[in-house]
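All values below were derived from every heavy atom in this structure, side-chain atoms included, with hydrogens, water molecules and symmetry-related copies excluded. Computed from a predicted structure; not experimentally measured.
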Amino acid sequence: MRRHHLSPVPSARHLLVAGAVTVATAVGIGVLAVGGGSSDGPRANPSASASAPAKAPDGLRHTSVEVSEGGCGHGWTDATRGKQVFDLRNTSSRPAEVHLTDPANGAVYGEVEGLGPGTSRPLSVTLGGGSYAFVCLPEDADAVTGPTVRVPGPARGGGPAAVPVSQQDLIPPTIAYQKWVAGRMDELVRRTDALRSAIHCGEPATARAAWLPAHLVYERMGAAYGAFGDADGAINGTTAGLSGGVHDPDFTGFHRLEYGLWHGQSASALRPVADQLVKDVRKLREDWSQARMDPADLGLRAHEIMENTVQFELTGRTDYGSGTNLATARANVDGTRAVLRRLEPLLKPRAPWLPELKSDLDRTQRTLERSHHGDHWTTLDRLSRTGRQRLNADAGTLVERLSRVAALMDVRRTR
């Protein structure tokens, strides 16, 4: 968990939209490639040559499609299978979102957000045979569904689609996750107490040995940091944004103790820090029963945990002397799994790539565990070049795949 971000973490919607408007990365980032639908509808008129799309310099078919309250989806009349681009033109006076959907069940194949008045933006898709309709969602106005277009031919060969999740859908997994976090609180308090006891007894070696297990319990609860509020900064904050750096009085919690324990600070200097950490952890346990996580955040958190791991742990930016960043990264894999287990009932019917995601998690976990030798973890600077490259590749692939979870679990406007 992290109080400070060095760069803004993109929202789930941004992840999807970025893929929609960047043709080269559309399939890899979000649920954007279009698969076949199943509903019936009027077949597009193949003789309407006046509006038939032409090949563009990119070699793909381009079709100009109107986005407006009175003409949503107009312009698409020559339907065909395969990879192509819809050039969405907002002819209205207000910004709009645009979804390409299956009119039978509302499954979203691709979307563009924030299409301003008088502007155009491309949506790259791969169509299979089936029925499709554009849905235009103008700002401060009701959604408008355009005409259903029937693409002839078999559905195979198209990309994936997903039925949008609702806030209501996300409430049960969020409650389940909150209960899981509650079940970790006693262990967090117990291990933090042991850390404080070692510091009070003036046993720095014992305290250093107790620090990591306590810290990892907290790190595994990574999806909850938004609901922890100011407690996260007090318990696990870094020196980011603090003018006094490691000597700033607002630098507290686990990382403050880490700095002191691995830089030879005295027990008398660290006792007040340890006392405050125990107090903050106990208050977090006490307050957690009244905390409420936002269900709309759960899918995004599954992505953010590992994104922050790559940004902070695997760069060493959160190492204050212990050299245990790889242990923290390993704990964050556990934290990601904890979120995904609660989301799995929603992901299974929407994510045909879920087995690949689980394989990515397993691969990253195995790579990290190569650095674990008994009670010792290899420090980042001691990784071999091959080991570092393998870790970067595995973690990067996992983060990219988790961005799809964030996109799928994003609550979309449907009306």
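- For the salt bridge (charged side-chain N to carboxylate O under 4.0 Å, His left out) test, no residue two or more places apart in sequence or in another chain qualifies with E356.
- Not counting sequence neighbours, H376 has no partner by the ring pair (Phe, Tyr, Trp, His ring centres under 6.0 Å) test.
- Applying the salt bridge (charged side-chain N to carboxylate O under 4.0 Å, His left out) criterion to D169, with sequence neighbours excluded, gives no partner residue.
- Salt bridge annotation for K283-D280: absent, with no cationic side-chain nitrogen under 4.0 angstrom from a carboxylate oxygen.
- The salt bridge (Lys or Arg N to Asp or Glu O under 4.0 Å) contacts involving residues 327-339 comprise R220-D334, R330-D334, R330-E369, R337-D362, where partners must be two or more places apart or lie in separate chains.
- In this structure, the ring of Y132 has its center no less than 6.0 angstrom from the ring center of F86.
- Considering only heavy atoms from C-beta on, W377 comes within 4.5 Å of L212 through its side chain.
- With contacts defined as side-chain heavy-atom distances shorter than 4.5 Å, the pair R190/V217 does not qualify.
- Comment: R412 engages E111 in a salt bridge, judged by a side-chain N to carboxylate O separation of less than 4.0 angstrom.
- When the shell of 6.0 Å around CZ of R382 is examined, it contains 12 or fewer heavy atoms from other residues, nucleotides or ligands.
- Between the side chains of E69 and S92, no donor-acceptor pair is found at a separation under 3.5 Å.
- Between R366 and D394, none of the side-chain N atoms (NZ, or NE/NH1/NH2) sits under 4.0 Å from a carboxylate O, so this pair counts as no salt bridge.
- Judged purely by distance below 3.5 Å, without hydrogens or angles, the side chains of E66 and S68 pair a donor atom with an acceptor atom.
- With respect to the salt-bridge test (charged N to carboxylate O, under 4.0 angstrom), the residues E113 and R413 do not qualify.
- Applying the side-chain contact (heavy atoms from CB on, under 4.5 Å) test to A210 and every residue at least two apart in sequence or in another chain returns L195.
- Among residues two or more places apart in sequence or in another chain, the ring pair (Phe, Tyr, Trp, His ring centres under 6.0 Å) test is passed with Y320 by F251, H255.
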